[in-house]
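Ligands are counted one by one from 1 in listed order, and the atoms in each one are counted from 1 as well.
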Amino acid sequence: MRRKLIAGNWKMNGSLVANQDLIGAVGAGLPVAHCAVALCVPSPYLAQAQALLAGSGIDVGAQDLSCHESGAFTGEISAAMLREFGVRYAIVGHSERRQFHRESDAEVAQKAQRALAAGITPIVCIGETLAEREAGQTEAVVKRQLAAVIHTNGHCISEIVLAYEPVWAIGTGKTASPQQAQQVHAVLRSQLAAASEHADRIGILYGGSMNAVNAANLLGQPDIDGGLIGGASLKAADFLAIISAAA
Ligand code: 13P
């Protein structure tokens with residue numbers, strides 16, 4: 001049985017003061033029997049998050065990492081550096097990075113490899129744009145994105161977390177219906193099963209306008225193992241409601 005994971009992606013939001021309030025409120029309201037919970041914070045706040053989350057049962061996550069190990073890569077942050085701040089998860093291949101930073105499938109796959117080598121679980125994001133969905137290309141797109149990660153990571157694929165995030169649902173308030181999401185998750189599950197005998201243990205999260213109201217229905221689907229939460233992770237009450245729906 002896969003344990004559900006609810007991961008907040010704060011994106012480029014927060015401040016020292018606001019983070020302290022938010023982490024305090026989430027920690028204080030955490031249900032007793034909860035699922036796995038993580039907060040993926042902007043890099044400058046990793047030390048703060050590590051200190052505030054110590055002993056809380058909530059893991060620290062990063063939002064990206066370098067595909068290089070070390071060296072002359074100005075502005076980049078390595079997996080080993082993240083590890084020093086107790087980072088357990090790192091998002092890789094978020095659509096905002098694929099779109100605005102031109103990250104390729106191959107680069108995302110390398111980032112996943114760097115994370116795994118450092119003992120960090122990559123949360124590998126894949127998903128189609130609205131144009132691709134309307135052109136009937138959803139399956140082909142997500143399978144291509146996942147195939148690159150499988151190709152580079154081989155049997156280690158069983159150690160990743162996958163996140164299906166339809167680009168048209170991110171920050172738009174338009175959520176994939178539970179059936180739409182489940183359909184894609186089932187496709188991804190069978191692709192993983194063909195690549196690894198341990199595919200059963202790979203968590204596949206849904207992300208894209210998941211909120212306190214729609215979480216329970218999405219999380220009730222057989223192949224939806226949690227959520228990657230953007231906007232709703234910035235409000236303690238909403239994020240806690242999603243955790244309760246998963247617990
Ligand atoms: P929203 O929950 O704000 O739609 O963002 C989803 C997301 O991109 C999480 O990585």
Side-chain angles (χ1 to χ4, degrees), residues 4-14 18-19 22 26 35-43 45-46 49 58-65 82 87-101 103 108 111-112 115 120-130 132-133 138 141-142 145-146 149 160-178 180-181 184-185 188 203-219 221 224-246:
K4 286 203 167 28
L5 167 64
I6 299 298
N9 174 9
W10 285 2
K11 307 194 179 184
M12 198 170 72
N13 293 291
N19 302 346
L22 181 54
V26 171
C35 53
V37 179
L39 293 176
C40 300
V41 306
S43 298
Y45 300 133
L46 285 171
I58 299 175
D59 287 310
V60 183
Q63 297 177 10
D64 185 31
L65 52 75
L82 296 179
V87 165
R88 165 97 194 265
Y89 299 97
I91 297 170
V92 299
H94 192 281
S95 63
E96 287 149 18
R97 297 211 58 88
R98 292 180 189 262
Q99 197 178 344
F100 305 133
H101 300 269
E103 289 189 11
V108 171
K111 288 184 174 199
I120 293 171
T121 301
I123 301 178
V124 179
C125 298
I126 60 177
E128 83 288 2
T129 63
L130 184 60
E132 288 164 340
R133 174 162 282 264
T138 298
V141 169
V142 296
Q145 292 171 328
L146 178 55
V149 184
I160 75 164
V161 168
L162 193 60
Y164 169 55
E165 297 208 312
V167 178
W168 49 270
I170 294 176
T172 58
K174 280 187 208 149
T175 320
S177 69
Q180 279 175 321
V184 177
H185 282 229
L188 298 171
I204 309 180
L205 314 183
Y206 168 80
S209 298
M210 193 188 272
N211 59 38
V213 175
N214 62 29
N217 277 338
L218 285 159
L219 294 168
Q221 300 298 311
I224 300 186
D225 306 313
L228 186 54
I229 320 299
S233 73
L234 299 172
K235 296 183 201 126
D238 290 5
F239 192 57
L240 286 166
I242 296 170
I243 293 167
S244 295

Using a strict cut-off of 4.0 Å, indicate which atoms of ligand 1 neighbour a heavy atom of A169.
4 (O)

V108 and Q145, any side-chain heavy atoms less than 4.5 Å apart
no

Side chains of N9 and S233: does their closest heavy-atom pair fall under 4.5 Å?
no

Could you list which atoms of ligand 1 come closer than 4.0 Å to a heavy atom of G231?
1 (P), 2 (O), 3 (O)

With heavy atoms of N9 as the reference, note each atom of ligand 1 found under 4.0 Å away.
9 (C), 10 (O)

Can you label the angle between the H185 ring and the Y164 ring as parallel, tilted or perpendicular, going by 30° and 60°?
perpendicular

Could you tell me, atom by atom, which parts of ligand 1 come under 4.0 Å of a heavy atom of G208?
4 (O), 6 (C)

Answer with side chain, backbone, both or neither: which part of I170 has a heavy atom less than 4.0 angstrom from an atom of ligand 1?
both

Residue G230 vicinity, atoms of ligand 1 by number, heavy atom under 4.0 Å:
1 (P), 2 (O), 3 (O), 5 (O), 6 (C), 9 (C)

Are any of the side-chain heavy atoms of I243 and C35 separated by less than 4.5 Å?
yes

How about V87 and L46: do any of their side-chain heavy atoms sit closer than 4.5 Å?
yes

Going by the side-chain hydrogen bond (donor to acceptor under 3.5 Å, both in side chains) test, name the single residue among Q63, H101, E165, Q99 that passes it with H94.
E165

Would you mind running through ligand 1 and noting each atom that sits below 4.0 Å from a heavy atom of H94?
7 (C), 8 (O), 9 (C), 10 (O)

Test of proximity, T172 against ligand 1: N or O pairs below 3.5 Å
no

Within-shell test, A232 vs ligand 1, heavy atom, strictly < 4.0 Å:
no

Hey, does the side chain of N214 reach the backbone of S209 with a donor-acceptor pair shorter than 3.5 angstrom?
yes

Any N/O of E96 closer than 3.5 Å to an N/O of ligand 1?
no

Which atoms of ligand 1 are found less than 4.0 Å from any heavy atom of E165?
6 (C), 7 (C), 8 (O), 9 (C), 10 (O)

Is any NZ, NE, NH1 or NH2 atom of the basic residue among E103 and R98 found under 4.0 Å from an Asp or Glu carboxylate oxygen of the other?
no

Checking heavy-atom distances from atom 4 (O) of ligand 1 to each of S233, G227, G171, G207, the winner is G171

